[in-house]
2 protein chains.
Amino acid sequence: MLKLTKKADYGLMALKYLAEHPEMPALSAKDVADAYGIPAQLLAKILQQLTKSGLLRSHAGMNGGYALARDAREISAFEVILSIDGPFFITSCTKGKTGCELTPSCTIKEPLARVNETIAGVLKSISIQDLAEHESPAPRAKESQQLVSLNR
Amino acid sequence: MLKLTKKADYGLMALKYLAEHPEMPALSAKDVADAYGIPAQLLAKILQQLTKSGLLRSHAGMNGGYALARDAREISAFEVILSIDGPFFITSCTKGKTGCELTPSCTIKEPLARVNETIAGVLKSISIQDLAEHESPAPRAKESQQLVSLNR
DNA sequence: TGTAATTCCGACAGAAACGGTCGTATACTG
DNA sequence: CAGTATACGACCGTTTCTGTCGGAATTACA
Ligand code: SF4
Ligand code: SF4
């Protein structure tokens, strides 16, 4: 169902960790993995992917590791998820393989596409910086504002 | 990744279909399945689940079938997804089985919980009625309003 | 130059979730 | 009673997810 993968989850944690240690020129995958208990080899691959997508900069060799490619507030959660989990779409009627074959007859794909846009917007509005600024166990008001308009 | 299951997808379609045919006292699972090309037996189980959750009312026997238990605008997409896919949470640190064991050390679960709330809010703001009012291929402005506030 | 640290890359395997089918029981209509 | 339809549980093949392994290429440093 509507759940992000642990990989994306790990990726966000790692990025946040990097954002919290701007003094370090680079942190190795193992450093980050140990800090949270994430499987090191798995995290390594995640960081590699993130690097390939241009969110991180890597440096091999001793004292090597990863660092944010941009300012933490210029990296959105959306980009991270996109990089790790691939194209973001809440329905199956995306492209190519294992797509939904009843796309032509489907009448809800268009409204759902709007929902998709909205959720993507939410994710885009969240930066790594936002995640790093933890604290604040404030209860937060849950006003039900108009978040998405399907029609018009 | 962040994708709803086809079951939930089918459920939404079915509900929308029922909402579009208020004149019928009841529509059988097969009727709906045929209308869209959904596997009949699968849809049957979905509708049963929806019934168990109180979103539909069922009636066995000839001329039986399903009908909305409430007005279409009183049923949210969130409820449908909840009913079919189970508890809604974008991360794995929910409850019980296969939960995330590094929950204690995790520092992003709290901010992510807010994101979760926000997305749930979006889903809750969408009713079956909204889906049924198709048409309107309006381009829709994509203003990037403040959709979620992580802090304070 | 050599060694250790570290990124890079692909393949693979176990486990879970998903999508779908089947068989059967039960309920209602006429 | 016969036919239609829901109700329910078991099952199975496929895909996706999570994690591991093995090795190659890079870099720092002694
Ligand atoms: S086409 Fe309709 S049914 Fe198929 S995936 Fe897209 S929305 Fe779901
Ligand atoms: S605890 Fe942290 S890592 Fe584990 S699922 Fe929740 S958010 Fe993801």
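Side chains included, hydrogens not; waters and symmetry mates left out as well; all remaining heavy atoms used. The structure displayed is predicted, hence computed values, not measured ones. Each chain gets a letter, A, B and so on, in the order the sequences are listed, and its residues count up from 1.
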Could you state the [atom1]-[atom2] distance from [X] to [N], rounded to the nearest angstrom?
X: A/Leu4; N: D/dT16; atom1: CG; atom2: C1'; answer: 15 Å
X: A/Leu43; N: C/dC8; atom1: CG; atom2: C1'; answer: 14 Å
X: A/Asp34; N: C/dT6; atom1: CG; atom2: P; answer: 11 Å
X: B/Lys30; N: D/dG3; atom1: NZ; atom2: P; answer: 17 Å
X: B/Leu18; N: D/dT6; atom1: CG; atom2: P; answer: 11 Å

Please tell me which of A/Leu2 and A/Ala44 maps to the more 5' nucleotide of DNA chain C, matching each residue to the nucleotide holding its nearest heavy atom.
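Its nearest nucleotide lies further toward 5', so the answer is A/Ala44.
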
Does a side-chain N or O of A/Ser58 approach OP1 or OP2 of C/dT6 to a distance below 4.0 Å, or not?
no

Determine: side-chain N/O of A/Tyr10 to OP1/OP2 of D/dT18, distance under 4.0 Å, yes or no.
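A/Tyr10 to D/dT18 OP1/OP2: no side-chain N or O under 4.0 Å.
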
Scoring nucleotides 20-30 of chain D by protein non-hydrogen atoms under 4.0 Å (B base, S sugar-phosphate only, - none) yields BB----BBBS-

Quick check on contacts: within residues 46-56 of chain B, what sits under 4.0 Å from DNA chain C by heavy-atom distance?
none

Enter the distance from A/Asp9:CG to B/Leu112:CG here, rounded to the nearest 0.5 Å.
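Going from the CG atom of A/Asp9 to the CG atom of B/Leu112 covers 6.0 Å.
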
List for me each residue that meets side chain to side chain contact (heavy atoms under 4.5 Å, CB included) alongside B/Arg73, sequence neighbours excluded, and say none if there are none.
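For B/Arg73 the side chain to side chain contact (heavy atoms under 4.5 Å, CB included) partners, ignoring immediate neighbours, are B/Asp71, B/Ser127, B/Gln129.
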
Under the rule for side chain to side chain contact (heavy atoms under 4.5 Å, CB included), what residues qualify as partners of A/Lys52, not counting sequence neighbours?
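For A/Lys52, the residues satisfying side chain to side chain contact (heavy atoms under 4.5 Å, CB included) (neighbours in sequence not counted) are A/Gln49.
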
Between A/Glu133 and A/Lys16, does the salt bridge (charged side-chain N to carboxylate O under 4.0 Å, His left out) criterion hold? Intermediate values first, please.
CA-CA 9 Å; A/Glu133 285 163 3; A/Lys16 181 205 166 202; over 6 Å; no

Quick one: ring pair (Phe, Tyr, Trp, His ring centres under 6.0 Å) pairs with a partner in residues 9-34 of chain A, sequence neighbours left out?
A/Tyr17-A/His21, A/Tyr17-A/Tyr36

For residues 60-85 of chain B, pull every pair meeting ring pair (Phe, Tyr, Trp, His ring centres under 6.0 Å), keeping only residues two or more places apart or in separate chains.
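The answer is B/Phe78-B/Phe88.
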
